[in-house]
Amino acid sequence: MSRRFPPGAMSRRILERKIQDRYHAGHIGTHNALNLFDELIQVAGPSSVRAINCLLTVVGRDCPVLGVSLFNRVARAKVPPHNITYSILVDCCCRAGCLDLGHAAMGHVIKLGFTEAIVNFSHLLKAICAEKKTSYAMDIVLRIMPMFNCVPNIFSYSIVFKGLCNEKRSQEALELIQIMVEDGGCCRPDVVTYSTVIDGLLKEGEVDQAYNLFSEMLRQGVSPNVVTCSSIISGMCKAQSVDKAKEVLQQMFERGILPNITTYNSLIQGYYSLGRCKEVDQIFKEMTINGVQPDIITYNIQMDYLCKSGQCAEARKIFDSMISLGQNPTATTYSILLHGYAMEKSFHDMHCLIDLMVENGISPDHYVYNILISAYAKEEMVGEVMHIFTKMRQQGLNPDAVSYGTVIDLLSRIG
DNA sequence: TTAGGGTTAG
């Protein structure tokens with residue numbers, strides 16, 4: 001009988017197929033992926049790289065350090081890593097907090113000469129931008145990568161655009177987008193690029209420029225999607241133009257773009273900010289009709305409105321019912337209710353809530369401590385304020401500008 | 001459909 005594959009190759013192919021199928025079905029957990037990796041690496045050949053990438057992705061998402069260690073085993077096996085394997089490695093290094101290793105891995109990839117436009121370092125660039133060093137990320141994308149014939153793709157650009165917008169440099173992002181369009185090269189702005197910059201412009205209050213860019217996007221034949229529209233709706237709601245935002249929602253339906261919970265949350269927040277509760281009820285009805293379920297953020301927005309309008313007891317009812325609705329309160333949820341109790345000067349309720357928060361495994365963050373500091377400062381209870389500073393430090397949190405600002409204000413008041 | 005970018009809440 002003639003063989004199409006050398007000995008062992010057939011069972012290897014079957015195993016590779018099994019891994020990829022189960023990966024696509026979302027049926028591989030970390031533990032399972034580790035076992036499959038052990039099994040595959042013993043018989044692995046060049047064809048195994050896709051299955052290995054799947055396993056590295058699963059393990060790396062859960063435990064990036066483990067992802068790096070698996071990569072070392074791939075490198076020792078007879079499997080030449082693919083550029084995607086390197087992307088996963090750089091991702092793991094960055095998420096493990098080893099930015100230096102991420103840089104080293106990027107240097108290694110460049111040295112290996114992956115010259116096609118497909119290698120990119122999304123997580124490295126994101127990590128650099130998160131440190132507010134977007135200029136450096138921009139230098140990597142615009143100068144360093146092309147210098148090594150490693151052409152950045154649209155993902156890399158979008159990360160830089162987002163970094164610029166986060167640093168309130170949306171004007172620069174706008175200029176860069178125009179250069180990309182005029183250049184007319186293979187890397188053209190897409191819906192994500194445009195949406196990012198439109199959102200950045202809106203957040204900086206540059207409404208006209210945002211609309212101009214939206215029109216430019218349409219002229220370029222790029223269709224908006226739910227994220228583009230949600231950004232515009234959110235920007236309008238924050239500018240108190242909620243009725244115009246509602247019109248955009250209508251236009252979404254006309255264009256066949258279905259709103260999601262983020263879209264609705266922006267509108268709910270917008271109506272609450274104007275005290276228009278009837279319209280909020282209307283939005284909830286519309287959500288039900290359209291099959292969109294409220295999420296934790298919806299409940300947080302609702303609770304925030306109730307607390308700020310002196311209805312803490314109602315907010316507490318929502319809080320207590322959240323768990324039964326399958327929504328676990330987050331640190332934000334606790335801080336909203338805590339702020340409500342602080343407004344009512346209900347110190348007993350505040351302390352009970354913090355105890356509950358800790359019991360439920362959520363550590364108080366800066367927001368929570370600052371609410372406590374502010375509440376005690378208002379009552380000029382200096383000893384309590386200092387006690388909270390100590391507690392913060394014990395928990396490894398350094399008081400921030402808000403904490404110190406409150407204390408300085410208190411000290412200047414009491415002389 | 002081997003990874004990777006954009007929207008909402010304190």
Side-chain angles (χ1 to χ4, degrees), chain A residues 16 19-21 23-26 48-58 60-61 67 81-92 94 118-126 129 137 141 152-163 165-166 173 189-200 202-203 224-235 237-238 259-270 272-273 294-305 307-308 315 329-340 342 364-368 370-371 402:
Chain A
E16 289 164 4
I19 290 169
Q20 287 179 72
D21 287 348
Y23 174 82
H24 289 137
S48 310
V49 71
R50 282 183 181 221
I52 282 174
N53 286 345
C54 295
L55 298 174
L56 283 178
T57 302
V58 172
R61 270 184 199 146
H82 191 276
N83 48 26
I84 291 179
T85 324
Y86 282 109
S87 291
I88 300 166
L89 172 68
V90 175
D91 164 19
C92 287
C94 293
I118 37 184
V119 178
N120 83 88
F121 310 99
S122 298
H123 281 87
L124 181 63
L125 293 170
K126 273 184 99 169
C129 290
V141 169
N153 64 11
I154 194 63
F155 281 74
S156 308
Y157 277 104
S158 291
I159 292 165
V160 168
F161 282 126
K162 180 65 182 153
C165 291
N166 285 345
D190 65 5
V191 63
V192 176
T193 329
Y194 280 111
S195 302
T196 306
V197 181
I198 288 170
D199 186 66
L202 285 169
K203 287 200 168 100
N225 62 14
V226 64
V227 178
T228 327
C229 297
S230 298
S231 277
I232 292 170
I233 286 175
S234 166
C237 287
K238 288 198 170 107
N260 60 18
I261 188 59
T262 306
T263 328
Y264 283 120
N265 281 341
S266 291
L267 275 165
I268 291 171
Q269 168 89 334
Y272 270 141
S273 72
D295 66 1
I296 182 77
I297 296 179
T298 322
Y299 294 117
N300 287 346
I301 293 167
Q302 220 177 356
M303 283 176 58
D304 191 47
Y305 168 75
C307 286
K308 285 178 178 159
T330 62
T332 303
T333 322
Y334 284 97
S335 72
I336 288 166
L337 194 53
L338 198 66
H339 186 249
D365 60 12
H366 278 99
Y367 276 100
V368 167
N370 285 338
I371 291 165
V402 176

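Numbers restart at 1 for each chain; the letters A, B, ... are given by sequence-line order, proteins then strands. Computed from heavy atoms alone, side chains included, the values below leave out hydrogens, waters and symmetry copies. Since we're looking at a predicted model, the values are computed, not measured.
An OP1 or OP2 oxygen of dG10(B) is reached within less than 4.0 angstrom by no side-chain nitrogen or oxygen of His366(A). In terms of phosphate contacts, Lys203(A) brings no side-chain nitrogen or oxygen within less than 4.0 Å of OP1 or OP2 of dG6(B). In this structure, Lys238(A) does not reach the dT7(B) phosphate: none of its side-chain N or O atoms is under 4.0 Å from OP1 or OP2.
Regarding Tyr305(A), its OH atom lies at a distance of 16 Å from the C1' atom of dA9(B), rounded to whole Å. Rounding to whole angstrom units, NZ of residue Lys162(A) and C1' of dT7(B) are separated by 8 Å. Per the geometry, CD1 belonging to Ile268(A) stands 19 Å off P belonging to dT7(B), to the nearest Å.
Using a 4.0 Å heavy-atom criterion, one finds that Ile154(A) contacts the bases of the nucleic acid, with or without backbone contacts as well. Within 4.0 Å of Val197(A), counting heavy atoms only, lies no atom of the nucleic acid at all. Using a 4.0 Å heavy-atom cutoff across all strands shown, Thr193(A) reaches at least one base atom of the nucleic acid. Within 4.0 Å of Ile84(A), counting heavy atoms only, lies at least one base atom of the nucleic acid. Thr263(A) comes within 4.0 angstrom of nothing in the nucleic acid, heavy atoms only.
Defined by atom type and a distance below 3.5 Å, a donor-acceptor pair is missing between the side-chain atoms of Thr196(A) and Asp199(A). No side-chain donor from either of Asn300(A) and Asn265(A) sits under 3.5 Å from a side-chain acceptor of the other.
Applying the side-chain hydrogen bond (donor to acceptor under 3.5 Å, both in side chains) test to Tyr264(A) and every residue at least two apart in sequence or in another chain returns Glu286(A), Asn290(A). With sequence neighbours excluded, the residues that form a side-chain contact (heavy atoms from CB on, under 4.5 Å) with Cys54(A) are Ile19(A), Gln20(A), Tyr23(A).
Side-chain atoms of Asn225(A) lie closest to dG6(B) of the nucleotides dG6(B), dA9(B), dG10(B).
Applying the 3.5 Å distance criterion, the base of dG6(B) shares a donor-acceptor pair with the side chain of Ser195(A). A donor-acceptor contact under 3.5 angstrom links the side-chain atoms of Ser230(A) to the base of dT7(B). Between the base of dG4(B) and the side chain of Asp91(A) there is no donor-acceptor pair shorter than 3.5 Å.
dG5(B) and dT1(B) are spaced 15 Å apart, taking the P atom of each and rounding to whole Å.
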